[in-house]
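Below, each value reflects all heavy atoms present in this structure, side chains not excepted, and no hydrogens, waters or symmetry copies. All values reported here derive from a predicted model rather than from experimental measurement. We're numbering straight along the sequence, starting at 1.
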Amino acid sequence: MLRAIADVLRSIGGALATVVTLPFRAVARLFGGAADTTRGHH
């Protein structure tokens with residue numbers, strides 16, 4: 001029973017972490033792309 005609850009909490013935590021980090025990754029990619037274009041890199 002406790003193991004099942006721990007598994008559910010772990011899966012929820014993983015999903016939350018993914019949802020929380022996705023926007024930051026998108027912003028980092030946007031800023032990274034902007035920095036690349038300002039430096040003249042493709």
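Using a 4.5 Å cut-off between side-chain heavy atoms of Ile, Leu, Val, Met, Phe, Trp and Tyr, Leu30 forms no hydrophobic cluster with any other residue.
Judged as a side-chain hydrogen bond (donor to acceptor under 3.5 Å, both in side chains), not a single pair has a partner in residues 11-34 (not counting sequence neighbours).
Grouping the Ile, Leu, Val, Met, Phe, Trp and Tyr side chains by contacts below 4.5 angstrom, directly or via other members, places Leu16 apart from Phe24.
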